[in-house]
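Below is one structure, written out as structure tokens; comments come after it.
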Number of protein chains: 2
Amino acid sequence: MSVGIRHDDLRRRNRAMVIAAVRRAGQPSRTEIAATTGLSHSTISAISSDLIGEGILTESKPSEAGSLKRGRPQVGLGLNPEAAAVMTVVLSLNFLSVAVIDYAGQVIAEEQRRLDTLTMSRDALIGECTAIVRRRLEDPDLDVRSVARIALAIQGITDTHARAMLWSPITPHTDIAFADILEDEFGIPATMENDCNMMAIALRWRDPDRYRDDFIAILLSHGIGMGLVLKGELFTGTHSSGGEFGHMIHRPNGALCRCGRRGCVEAYAGNYAIWRNARQLGEDAEPVADVSDADMRALATAARERDGPEREAYRKAGEALGYGLGSLFALIDPAPVAMVGVSAAAFDLIEPALRKAIAQTAGGQHSKSISFDTEPNELPLIREGCAMRALTFVDQEIFAPGVQARAGSVGKNVA
Amino acid sequence: MSVGIRHDDLRRRNRAMVIAAVRRAGQPSRTEIAATTGLSHSTISAISSDLIGEGILTESKPSEAGSLKRGRPQVGLGLNPEAAAVMTVVLSLNFLSVAVIDYAGQVIAEEQRRLDTLTMSRDALIGECTAIVRRRLEDPDLDVRSVARIALAIQGITDTHARAMLWSPITPHTDIAFADILEDEFGIPATMENDCNMMAIALRWRDPDRYRDDFIAILLSHGIGMGLVLKGELFTGTHSSGGEFGHMIHRPNGALCRCGRRGCVEAYAGNYAIWRNARQLGEDAEPVADVSDADMRALATAARERDGPEREAYRKAGEALGYGLGSLFALIDPAPVAMVGVSAAAFDLIEPALRKAIAQTAGGQHSKSISFDTEPNELPLIREGCAMRALTFVDQEIFAPGVQARAGSVGKNVA
DNA sequence: AGTATTTTTTCGAGGCTCGAAAAAATAGAG
DNA sequence: CTCTATTTTTTCGAGCCTCGAAAAAATACT
């Protein structure tokens, strides 16, 4: 059950709030912070004075040259880039990418590597990850005083506590406790996140007007993934990262899915499924391991040129996505959707069937008003999401510590 | 965005916590409350002294005669039944039921009425509701000093803010702002809740060990409804009460649903659907308006006796529920399920097909371990849920007031 | 140079929680 | 029957925290 609020929690929470306000607003003045947080000027003054003294925030002279106003000019508060750094590690099919990011959110170093994730041994996969992290940490060019947090992201299922990868399509191995492994190796707190959840977080930071309290990010890639923000919080399953939209059942006993089951949404809308249908291989055909982005783009071009099996394949994908979204909307009500990944570039081919299908569901009552946005490139989004997740952890747990972790409502998934 | 914590919020929150602890635990001593809330004995002493002085709590001599312990005996704290009262109004098909409940949760008066909800005019329906509430409020036998809150529940869809019924199967009329109507009429704060959500809340109070942080209540009745608790909070849609499990799509373009669409779970598992299949009327047959509980029980008996269309109808219902649950579990991970309503009494007929279907979904990976519980009688559950919801509102908003409602995380759905 | 205006800091007041110690209330020992 | 050990509850002063009001700071306008 929820736990009492101690007197000392007060300061901690309000510190966290000031830091969060600065991270969101960019260069807010103390007065602006007071307005958005609802705290008094005196309190904000005291807290920001502390934070500046601790090197967490910095004062920056009025950024705008056009200071037309009369009185004492506002002085903006900004995040001190040198207060800390975080590292992101994104592990995707045959590709490993890390970045070091300063406290203000700027990338200060990165490194990428191709690897054969599908055939690598478990130890080799882990070894590559730790090695690349070590290289970045030991880079003498980089004055990385303090990497305070590492956030990993992987396609697939992670556990609720963001400690381990439970299953992933990019490797045959399961249950790898990446967070613990990195923490043991480097002594830096780490979390293991789901890629689509990070996409959702990144969208929220990129465009808070459009993606605020309720929205959906769907990854249209080899598999189908989803990141869901509801009521301002990242939605996760009770045991796992959850939100396995791609494995909702579209047609009982339908097409063969990569997961071994039948009729999943992914078995109609994943790249391999579109490929399979376009090649007319039949719904029982074994899913191929990978379809290159170039091949997918060729498929889309063919579908746009003539009415053939390619176009029909995209129609089926749209239908599956539409019915799936309709079922999802029956549960959560409609919300803006961002389509991310290679096939988002072919959304023109998918959309008509999708809208037709969704209109036939209870959740799609006002299907006209549901807005879709597309973003073909998922990797930058995932990286940004990881960075923001790691940075907000630092904001809260390192720069505003003091609340003992108790049973109950600990660790809200604030997106 | 979230708002700063003011100094005076502290006391309010801790007051609310003490009240909540007493409501949960029954007759806890101050020492026990200190232990569960994590606050110091001094604080608990001060707060409970206030609350007793205000007539909200009462001291009760050591309830247990067997006070074997050595030192000063604990004195239990209880809710003062006279501190307030709440009223519940449950509106279901052809039936209206109200109850007055004291602050300690005991029913002190009730009244029930049959009506023909399907054919009544809008005004007549509203009139019946206000009339029955007025009779209870004006009852001279009852010393109802202060009904502090009214909670209504109805089958169907309500809005997120618990103000209005948006749509309900029990009446052709839509968008009735029951909460506002009652508030205007009687000047008592009211909310309009979804029946299945109230079931979920009641289950949590009845059996907190089984139904704690994550569970599902499914109403198997004429229609199919769902109440969902995730991470300790009632799950609602972004605009409506949400959780329209019955209208997730089971088979695209499948059986005709009462909602006018095709292939919804309800079109296979609702009473009318089981009836239709048992009578072999075909999937396009118009759903009947009502099937009596007696008829449903007869159907179940027939299905148990011989392998015929009745048994097949229950099998199809199980299959639809199983695939639906599988899709749901793909999103939220498996959780304990309570089946409520007439057809829960026929769960033996439903379960085999349900388990078989769920085992074929991604969400049902460990389908063996998913536990189902049945409760044939929904009405008492709904009433209890309403009562607890209204009482916790009183706990928080009347007896621990002081936090201004701002934009942001206001009104958590604590189940 | 003086005044108006806006932002930020300072300072005392009032609250809240906490820990330690005292007070209260009982069971058991002699 | 008295005294001691034990447990619960209250009391009290200390230490923080936030707040409002007033002062100080920094600029534009006249």
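Lettering of chains follows the sequences in order, A, B, ..., and the numbering in each one begins at 1.
- Note: CG (A:Leu10) to P (D:dT18) measures 6 Å, nearest angstrom.
- Residues satisfying the ring pair (Phe, Tyr, Trp, His ring centres under 6.0 Å) test with B:His239, not counting sequence neighbours, are none.
- Rounded to whole Å, atom P of D:dT8 lies 9 Å from atom CD of B:Glu32.
- Under 4.0 angstrom from either OP1 or OP2 of C:dC16 there lies no side-chain N or O belonging to B:Asn14.
- Residues forming a side chain to side chain donor-acceptor pair (under 3.5 Å) with A:Gln106 (at least two apart in sequence, or on another chain): none.
- A heavy-atom distance below 4.0 Å to DNA chain D is reached by none of the residues of residues 44-52 of chain A.
- Within the structure, a side-chain polar atom (N or O) of A:Thr43 is placed less than 4.0 Å from OP1 or OP2 of D:dC19.
- Between A:Arg11 and D:dC16 there is no side-chain polar atom (N or O) within less than 4.0 angstrom of OP1 or OP2.
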**Study point:** Check against side chain to side chain contact (heavy atoms under 4.5 Å, CB included), B:Thr43 and A:His7
**Key:** CA-CA 11 Å; B:Thr43 305; A:His7 200 219; over 6 Å; no
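- In this structure, the side chains of A:Ile44 and A:Met17 stay at 4.5 Å or more apart for every pair of heavy atoms.
- Applying the 4.0 Å criterion to OP1 and OP2 of C:dT8, one finds that A:Thr31 has a side-chain N or O inside that range.
- Side-chain N/O atoms of B:Arg70 include none lying less than 4.0 angstrom from OP1 or OP2 on C:dG28.
- Nearest-nucleotide positions on DNA chain C place A:Arg30 closer to the 5' end than the other of A:Ile5 and A:Arg30.
- The existence of a salt bridge linking A:Asp209 and A:Arg212 is confirmed by a sub-4.0 Å separation between a basic side-chain nitrogen and an acidic carboxylate oxygen.
- A 4.5 Å side-chain heavy-atom check between A:Arg15 and A:Val18 finds every atom pair outside the cut-off.
- Cation-pi check for A:Arg149 over A:Phe393 is met; the charged atom lies under 6.0 angstrom from the ring centroid and within 45 degrees of its normal.
- D:dT18 atom P lies 12 Å from atom CZ of A:Arg13, rounded to whole Å.
- Counting to the nearest Å, the C1' atom of D:dC19 and the NE2 atom of A:His7 are 12 Å from each other.
- No N or O donor and acceptor, one from the side chain of B:Ser40 and one from the base of C:dG19, sit under 3.5 Å apart.
- With sequence neighbours excluded, no residue forms a side chain to side chain donor-acceptor pair (under 3.5 Å) with A:Glu32.
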Just the atom pairs and distances: protein N or O near nucleotides 22-24 of chain C's N or O, under 3.5 Å.
residue: C:dA24; atom: O4'; partner: B:Arg72; partner atom: NH1; Å: 3.4

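- One interatomic measurement links the two molecules: CZ of B:Arg15 to P of C:dT17, which rounds to 11 Å at whole-angstrom precision.
- Remark: A:Arg23 qualifies as a cation-pi partner of A:Tyr103 under the 6.0 Å distance and 45° angle criteria applied to the six-membered ring.
- Annotation: side chain to side chain donor-acceptor pair (under 3.5 Å) contacts of A:Ser45 (sequence neighbours excluded): none.
- Atom CD of B:Gln74 and atom P of D:dT6 are 17 Å apart (whole Å).
- When the P atom of D:dT9 is taken as reference, atom CG of B:Leu39 falls 15 Å away, rounded to whole Å.
- The nearest whole Å value for the distance from the CG atom in B:Asp8 to the P atom in C:dT17 is 11 Å.
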